[in-house]
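The structure appears right after this line, and notes come after that.
Note that ligands are numbered from 1 as they come in the structure, with each ligand's atoms numbered from 1 the same way.
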Amino acid sequence: MNHFLDIHKTDPQSLRAILDQAAAMKRARQGRPKGAPDDDQPLAGHMVALIFEKPSTRTRVSFDVGVRQMGGQTMVLSGSDMQLGHGETIADTARVLSRYVDLIMIRTFDESVLLEMAEYADVPVINGLTDRTHPCQIMADILTYEEHRGPIAGKKVVWSGDGNNVCASFLHAAGQFGFDFTFTGPPQFDPEAEFVGFARQKGSKVTIERDPVKAVEGADLVVTDTWVSMHDAQSTRERRHNMLRPFQVNEELMRHARPDALFMHCLPAHREEEATSAVMDGPHSVIFDEAENRLHAQKAIMRWCLEV
Ligand code: CP
Ligand code: NVA
């Protein structure tokens, strides 16, 4: 079963094939209205369930539009409306959904929900974000980097701020795509050792640097994300902000990166917090290309899952 659960669980050849297909499908659609069907309709006759236990704009809309462009149909389900939110087990839900739909995408809190869904489903399951990882986002980010700057292998990616779920998938990608990764943030916000260990074991140079200015020296790509993720308690907001403020990505910090460095943020952003508008709307920023590329990358991921 071709589940797309995480970047480190998908072999590098498949990851590269997915990106190549995404780029080709993007090119083939150039200039068309968003609602126009693709020439190929590989998902014709396929039904895709999109399950959300957390809010979403990009993941929800890009998966839905992507399925439709490829000729398939979707149903968007919120976890709380399903029996899932009222005590039915994940395993039973997975087995039931597998009788109705061809593919399941789920955004949830605890990673165990995703893993149990994949274990018991008879159809492929895609990770649309958990508290720990966000692999679809990083596939779109790699596609975006390579569109602008060519191969990411050997480049220096710097993450500034919270070593969260998006950072974790970047570390997986560092290992699988062969780029170097520097994390800068307070020690309390370090990425989990398991993610760092994966990248290092694959030969990627991973550096933890507490000084953000030193960290971004020579950076080809600077990335950040919200200081308070959906799974973080709102009561921790002020403390987190106070600790993470020195790691804001602003024009002064970007001046220390390479002149042609790109800036990425998966969005939604909190302007003037983790990144300033001057950077988000400035010459280094490719944030809206990243958002667009969710669509193209995920279309290719779905085709890989379904082998169509
Ligand atoms: N980047 C991302 O996953 O955005 P949404 O939360 O809007 O889906
Ligand atoms: N780290 C963020 C990413 C949102 C797309 C969160 O989990 O809320």
| Side chain, backbone, both or neither: which part of D131 has a heavy atom under 4.0 Å from ligand 2? | neither
| query | Counting heavy atoms only, which part of R294 comes closer than 4.0 Å to ligand 1: side chain, backbone, both or neither? | reply | side chain
| Check: T184 side chain, E209 main-chain N or O, donor-acceptor pair, under 3.5 Å | yes
| said: Only heavy atoms of H134, strictly under 4.0 Å: list the atoms of ligand 1 that pass. | reply: 2 (C), 3 (O)
| task | Would you check whether R107 has a nitrogen or oxygen atom less than 3.5 angstrom from a nitrogen or oxygen atom of ligand 1? | result | yes
| query | Does C266 reach ligand 1 with a nitrogen or oxygen that is under 3.5 Å from one of the ligand's nitrogen or oxygen atoms? | reply | yes
| said: Classify the ring geometry of F179 against F170: parallel below 30°, tilted from 30° to 60°, perpendicular beyond 60°. | reply: perpendicular
| Under 3.5 Å, is there a donor-acceptor pair between the D141 and T144 side chains? | no
| message | Could you check whether any side-chain N or O of N164 sits under 3.5 Å from a backbone N or O of C167, counting only pairs where one atom can act as donor and the other as acceptor? | response | yes
| query | Counting both backbone and side chain atoms, is some N or O of H134 under 3.5 Å from an N or O of ligand 2? | reply | no
| said: Run H172 and Q176 through side-chain hydrogen bond (donor to acceptor under 3.5 Å, both in side chains) and show every step you take. | reply: CA-CA 6 Å; H172 286 154; Q176 297 290 57; over 6 Å; no
| task | Among all protein heavy atoms, pick out the one at the shortest distance from atom 4 (O) of ligand 1; state its residue, atom name and that distance to 0.1 Å. | result | R58 NE, 2.8 Å
| said: Out of all atoms in ligand 2, which are within 4.0 Å of some heavy atom of L267? Include the element for each. | reply: 5 (C)
| task | Give the atoms of ligand 2, by number and element, whose distance to some non-hydrogen atom of N164 is under 4.0 Å. | result | 1 (N)
| task | Could you tell me which atoms of ligand 1, counted from 1 in the order shown, lie closer than 4.0 angstrom to a heavy atom of T57? | result | 5 (P), 7 (O), 8 (O)
| message | Checking the side chain of D220 only, and the main-chain atoms of K156 only, is there a donor and an acceptor separated by less than 3.5 Å? | response | yes
| request: Could you tell me whether the side chain of E111 and the main chain of T133 form a donor-acceptor pair under 3.5 Å? | output: no
| message | Starting from atom 1 (N) of ligand 1, what is the nearest protein heavy atom, named by residue and atom, and what distance separates them? | response | L267 O, 2.8 Å
| query | Going by heavy atoms, is L129 under 4.0 Å from ligand 1? | reply | no
| Between H231 and F109, does the ring centroid distance fall short of 6.0 Å? | no
| atom 8 (O) of ligand 2: nearest protein contact (heavy atom, Å) | M230 N, 2.8 Å
| Is any N or O atom of M230, backbone or side chain, closer than 3.5 Å to an N or O atom of ligand 1? | no
| request: Check the side chains of H265 and E274 for a donor-acceptor pair under 3.5 angstrom, ignoring hydrogens and angles. | output: yes
| request: Check the pair L253, Q248 against side-chain contact (heavy atoms from CB on, under 4.5 Å), reporting the backbone distance first and the verdict last. | output: CA-CA 8 Å; L253 186 63; Q248 180 191 67; over 6 Å; no
| said: Can you report which non-hydrogen protein atom sits closest to atom 7 (O) of ligand 2, along with the distance? | reply: N165 ND2, 2.8 Å
| field | D225: numbered ligand 2 atoms lying under 4.0 Å from its heavy atoms | value | 1 (N), 2 (C), 3 (C)
